[in-house]
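See below for the structure under consideration.
Predicted model, so just to flag it, every value in this text is computed and none were measured. No hydrogens, no waters, no symmetry mates; every other heavy atom, side chains included, goes into these values.
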Amino acid sequence: MANYLSILIPIVSVIVAICLIIGFFLCLAPSWYEKKIRGNTLEADEFMNLKPSRWEALQFLLLNRFSVGKHKKDTTTAYELALDDSEHVTGLKISRRSNSDDDQESGKIMSVPPSMSSSPSPIVIGTIRMGFGHHRIAYATCSWSMAEASENRETVFHDLLNVKSEEADLIRDMDKLYSMGSRFASEFGGAAEKLWGVLTKAMGPNGLRVPCQTAEHLIPILKGIPKDSPIIATHCFVAMAAVAAGFTNVINLVIDNHAQWFVLCPKCLNLVQGPSNYHSFLRMGVPPKLVALAGHWIPKDLVDNIPEDCQRRITRAVNHKPLRILAPVGGAGAQKTYVCAFIKALTPMLKDGTVQILLNAGDHTHMIEAFEKTLAECDLPFNRIDTIDGVREFQSKLTESPDNEPEKSVTLFAFPNYFPAVATTDIVSRVSDVLVAKPSELAFYPVPKINVRRVGDHEAYSAIRSSECGDGTFECRTVDDAMEYIKLMTSENGELLTMINEKIIANNTIGIYDGCKNAVKIALDRSTGLSSDTAKVEEAIEIEAPKE
């Protein structure tokens, strides 16, 4: 008995001590939380109409420490920004942190306040390269901004990671963790995938509190922009940082189709892509004047050519042309195992000419190597394209004549840098019969889609949106599931592809794919006579939403 007690007493003592320590921190957590958020412009609790419990307050403090470390919030510094002409998009300006007197002499500096020029302040499309999605949506928005804005109003592509600073490094470190988690979940599946799914879906109110607190640290990256500039953000951190920096004409383009606090921003207009997300946010308590239904985030070129491209696909299906499959990888570089298995499953159809595949490996070396190895194992010759000019020539050739086909049944797109990696999917979508991709931002595209295995549970709802719109499938969790749709789409009558393309044309007539167009219109309309008073943000917004 004595021996038993000699073991039990230390264990109980440790448990009691741990409970006392936790209780001590729980008692102090609410006051520490209030001290931490004091003076913030972003009032997450007021926006949500919620107060944190003691556990939530403690969780917030731990997550905030993990997010920003010892970085000190600086609300006064403004990094001087310079504007360069985009190497890839004619007429687009790219912002960066100014690093030499040459920028001043060459007139590249973005002045704050703006100079005495009669030109209005630029429309700023703010983003962060966290994967490809946020950049893809930003470039889509730029395509509409450059078309809709007046000739003397510049469009600026402002990637927070392009402003070299400690603040940008904070974001970069978070992105590394996200990319690592995505790849780990995708490759190992099972418990790893379930855990990652929970982390990306069930963040709760702290999913907004922690990013708002982090965004307060990012203010210097945006303070170099004229305050009267419209800001359209394709990442919530950008919208939050803009509001914290004092901008009043801020629009947040909400990603995905899963309503969670993390993707929203207080004190600005949050635009969503689908009606289920819209009414879900209203049920969560988001003020109606701060959320609106806009439509899907799609590039202008894709929207403008929907009738022509869909008719070309229908004609190809009816005439039994090879099914042309576009299979891109995401910016996190996940899904290597799935796509390689998909290539192997397609091999007999690739060899007999039933299908063609356009593989976009992006700028991920490990994906390029994996695809090349798989193609060699399957004895599949391929044509490689590694420049953006080559991509545009490829698209131009296939749109010129219905008789033109790729040189080989497999085309591999592989690049040394990120822009062509992102842009290729948008460019080549026009000449693809079906897009096979995880249900990320691409699930909303006006292209027939086979939505394959998600990376994070939040993406499941985007596949549901796609299937309900009639332009894509439910999520195909396995390669066998995806192959069933490939077989249906290569059937003799071509009815499935014809139906999907007809649905895309119908969706287009009611504005489902006009999200970026609507966002730009709102931003430009609000820039006329908008007061600097933050309260003006909550004025009613008139928008021609999709008629669903």
Indicate yes or no: at least one non-hydrogen side-chain atom of [X] is less than 4.5 angstrom from one of [Y].
{"X": "Phe419", "Y": "Asp363", "answer": "no"}
{"X": "Asp481", "Y": "Arg453", "answer": "no"}
{"X": "Arg430", "Y": "Glu308", "answer": "yes"}
{"X": "Val355", "Y": "Pro322", "answer": "no"}
{"X": "Pro439", "Y": "Phe474", "answer": "no"}
{"X": "Pro406", "Y": "Arg324", "answer": "yes"}
{"X": "Ile251", "Y": "Leu253", "answer": "yes"}
{"X": "Asp228", "Y": "Ser527", "answer": "no"}

Can you tell me how far the CD1 atom of Ile500 sits from the OH atom of Tyr485, to the nearest 0.5 Å?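 Result: 8.5 Å between the selected atoms.
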Got a donor-acceptor contact below 3.5 angstrom from the [X] side chain to the [Y] backbone?
{"X": "Glu475", "Y": "Ala463", "value": "no"}
{"X": "Asn383", "Y": "Lys408", "value": "no"}
{"X": "Thr498", "Y": "Gly494", "value": "yes"}
{"X": "Asn162", "Y": "Ser95", "value": "yes"}
{"X": "Trp297", "Y": "His134", "value": "no"}
{"X": "Asn518", "Y": "Ala294", "value": "yes"}
{"X": "Thr354", "Y": "Leu350", "value": "no"}
{"X": "Asn252", "Y": "Val254", "value": "no"}
{"X": "Asn493", "Y": "Glu495", "value": "yes"}
{"X": "Thr424", "Y": "Ala421", "value": "no"}

Are [X] and [Y] ion-paired here, with the side-chain N under 4.0 Å from a carboxylate O?
{"X": "Asp84", "Y": "Lys93", "result": "no"}
{"X": "Asp304", "Y": "Lys300", "result": "yes"}
{"X": "Arg392", "Y": "Asp301", "result": "no"}
{"X": "Lys503", "Y": "Asp471", "result": "no"}
{"X": "Lys373", "Y": "Glu369", "result": "no"}
{"X": "Glu405", "Y": "Arg316", "result": "yes"}

Side chain to side chain donor-acceptor pair (under 3.5 Å) evaluation trace for Ser466 with Asn451: CA-CA 8 Å; Ser466 173; Asn451 294 300; 3.2 Å; yes
Quick check: closest heavy atoms across Pro122 and Pro230, and the distance to 0.1 Å?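 What the structure gives for the nearest pair is O-CD, 3.4 Å.
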Under the criterion ring-ring contact (aromatic ring centres under 6.0 Å, His included), which of Tyr418, Phe132, Phe371, Phe413 is the partner of His364?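 By the ring-ring contact (aromatic ring centres under 6.0 Å, His included) criterion, His364 pairs with just one of Tyr418, Phe132, Phe371, Phe413: Phe132.
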Going through the checks in order, is the side-chain contact (heavy atoms from CB on, under 4.5 Å) test met by Asp426 and Tyr445? CA-CA 9 Å; Asp426 292 350; Tyr445 265 43; 2.8 Å; yes
Tell me, yes or no, whether the heavy-atom count around Glu407 atom CD, taken from other residues, nucleotides or ligands under 6.0 Å, exceeds 12.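 No, because the 6.0 Å sphere around CD of Glu407 holds 12 heavy atoms or fewer from other groups.
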Please determine whether the number of non-hydrogen atoms from other residues, nucleotides or ligands lying under 6.0 Å from atom NZ of Lys487 exceeds 12.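 Open: at most 12 neighbouring heavy atoms sit under 6.0 Å from NZ of Lys487.
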If you measure only the distance, is there a donor-acceptor pair under 3.5 Å linking the side chains of Asp389 and Thr387?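 Side-chain D/A pair, Asp389 to Thr387: absent.
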Flag for Asn360-Thr425: side-chain donor and acceptor within less than 3.5 Å: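 Asn360 and Thr425 do have a side-chain donor-acceptor pair below 3.5 Å.
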Taking it one step at a time, do Leu92 and Ile125 satisfy side-chain contact (heavy atoms from CB on, under 4.5 Å)? CA-CA 11 Å; Leu92 182 64; Ile125 313 302; over 6 Å; no
Would you check, one step at a time, whether the test side-chain contact (heavy atoms from CB on, under 4.5 Å) holds for Leu326 with Ser429? CA-CA 7 Å; Leu326 171 58; Ser429 284; 3.7 Å; yes
Should the pair [X] and [Y] be assigned to parallel (<30°), tilted (30 to 60°) or perpendicular (>60°) ring geometry?
{"X": "Phe157", "Y": "Tyr139", "result": "parallel"}
{"X": "His296", "Y": "Tyr513", "result": "perpendicular"}
{"X": "His235", "Y": "Phe262", "result": "perpendicular"}

Start with the C-alpha distance between Thr478 and Asp480, add both sets of side-chain angles, then the distance that settles side chain to side chain donor-acceptor pair (under 3.5 Å), and finish with yes or no. CA-CA 5 Å; Thr478 67; Asp480 288 342; 5.1 Å; no
